[in-house]
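Just so it is clear, the values below take in all heavy atoms, side chains as well, and ignore hydrogens, waters and symmetry mates. Starting from 1, each residue takes its place in the sequence as its number. Atoms within a ligand are numbered from 1 in the order they appear, just like the ligands themselves.
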Amino acid sequence: MVKLGIVGGGQLASMLCQAAKKISVQTTVFADDKNSPAQHFADNFIYANYEAEKSLTDFANQVDFITYEFENIPFETLNHLSKLCEVNPNPRINQIVQNRLSEKQFINKLGLKTVDYKFVQSLEDLNKGSALLPGILKTTRMGYDGKGQFVINSIPDIKNININFQNEYILEKKIKLKKEISIVITRYKSNQTSIYEPIENTHNNQILSESIIPSSVSQTIKTTATTAAQKLTEELEYIGTMCVEFFIDNQDNLYINEIAPRVHNSGHLTINTHNVSQFENHVRAVCDLEFVPLKKIHNAKMINILGSEILKYKNKKLNTNEFFFDYLKKEAKPNRKMGHLTIITD
Ligand code: ADP
Ligand code: MG
């Protein structure tokens, strides 16, 4: 039996474990939170600090392949593990996309487009960025679900926000969004790729709220986005599932927002819409298992369930086309992703 180690113990790790079980891959989750939801889905669970070298070594010795659920796992942790066991995707990739500045530089160097941006290390840098306003100031590291972001409409706004210049930032032009889409793609060592059709996403307070297939964008946009995602995985020699998030503005310009080097929230619907989900594809690719051609079975809409909303879903009577996923998180903090509902629409 193939043994897969997963670093990180949240909902993405839980869904990876469920997909692994389906194809008889044994899972060991390593996480630094003793309440990690994924312990309920993994075959083995190791609770230790990400800096605990001995625990990491024991973990690496127990498994055949290692992956991680989230790009914010410390680079040193992944680097240490990669000396003992094959780690996919390569932690080097993680280092590029974990930092919004190096991520954007990488994308633009390939001739792909991002919105205009500027590196900001000081108040002086920020004041020089007036051409990008209205804009969004984002920390270069550790941001997710809109955390570490400040909207700046005009120069006087700068005085009213409390920015800690111990961190580095990028100031991005805020564009008028017509739509957001994402492409979820899995690349195997053989260079074969499974590419899911574009998924249309709506955000609420910068947090993903709904994902839908089919998306209502033009064929040109679909093709351009798909080609860009394929190019990114090839250039990175990426192994596993990756997600590319795109913005579309009112003039139908397509921009790459960010690359998530992992399974992604917008791809959760693939559990119910395709023969092989983004999670199963990831497990197959990182464990060097057989490539299975992708087939769509259904269209669907996925709704994220945040905070205390989860309570009403726990007792909801589901229709036969509805699939509810409870992430089994202990505390229902406001805006925390607690679960999702996928509704098959055909
Ligand atoms: P996170 O890393 O937290 O997901 P993102 O950079 O993807 O952060 O931003 C979250 C959401 O905020 C985006 O999906 C989009 O809806 C909105 N947003 C972010 N940057 C911009 C921008 N430059 N212009 C317009 N909307 C934006
Ligand atoms: Mg995002």
Pull out every atom of ligand 1 sitting under 4.0 Å from any heavy atom of Asn257, numbered as shown with elements. 5 (P), 6 (O), 7 (O)
Write the atom name of the N, O or S atom in Glu245 that is nearest the Mg ion (ligand 2). OE1
Taking Glu197's backbone N and O only, do any of them form a donor-acceptor pair with Lys222's side chain (distance below 3.5 Å, no angle check)? no
Whether Tyr47 and Phe45 hold their rings parallel, tilted or perpendicular, with breakpoints at 30° and 60°: parallel
Closest to atom 3 (O) of ligand 1 among protein heavy atoms sits Gly146 N, 2.6 Å
Less than 3.5 Å between some nitrogen or oxygen of Leu177 and one of ligand 1, yes or no? no
Do you know which two heavy atoms are closest between Ala13 and Ala38, and how far apart they sit? CB-CB, 3.7 Å
Would the distance check show the side chain of Arg100 and the main-chain N or O of Thr139 forming a donor-acceptor pair, the cut-off being under 3.5 Å? yes
Distance from atom 24 (N) of ligand 1 to nearest protein heavy atom, with residue and atom: Ile175 N, 3.0 Å
Ring-ring centroid check Phe323 His340, cutoff 6.0 Å: no
What residue and atom, counting heavy atoms only, is the protein's closest point to atom 19 (C) of ligand 1, and at what distance? Lys138 NZ, 3.3 Å
Look only at interatomic distance and state if Glu172 has a nitrogen or oxygen under 3.5 Å from any nitrogen or oxygen of ligand 1. yes
Ligand 1 contact by Arg100, heavy-atom criterion under 4.0 angstrom: yes
Working for side-chain hydrogen bond (donor to acceptor under 3.5 Å, both in side chains), residues His264 and Glu245: CA-CA 10 Å; His264 191 258; Glu245 296 178 19; 2.9 Å; yes
Using a 3.5 Å distance criterion without hydrogens, assess whether the side chain of Glu103 forms a donor-acceptor pair with backbone atoms of Ile259. yes
Looking only at protein heavy atoms, which one is nearest to atom 5 (P) of ligand 1, and how far off is it? Gln149 NE2, 3.5 Å
Heavy-atom contacts with Glu245 under 4.0 Å: which atoms of ligand 1 show up? List them by number with element. 7 (O)
Pro293 backbone acceptor or donor facing Asn275 side chain under 3.5 Å: yes
Quick one: look at Lys173 and ligand 1, take heavy-atom pairs under 4.0 Å, and tell me if it's side chain, backbone, both or neither. backbone
Taking only heavy atoms of His203, which atoms of ligand 1 are found under 4.0 Å from at least one of them? 14 (O), 16 (O)
Considering Ile207, Leu171, Val115, Ile136, which one's heavy-atom position lies nearest to atom 21 (C) of ligand 1? Ile136
Shortest reach to atom 15 (C) of ligand 1 by a heavy atom, considering only Glu258, Glu71, Glu180, Gln206: Glu180
For the Mg ion (ligand 2), find the closest N/O/S atom on Glu258 and give its atom name. OE2
Between the main-chain N or O of Gln278 and the side-chain N or O of Tyr196, is there a donor-acceptor pair closer than 3.5 Å? yes
Side chain to side chain contact (heavy atoms under 4.5 Å, CB included) with Leu110: which of Ile107, Leu112, Asn108? Leu112
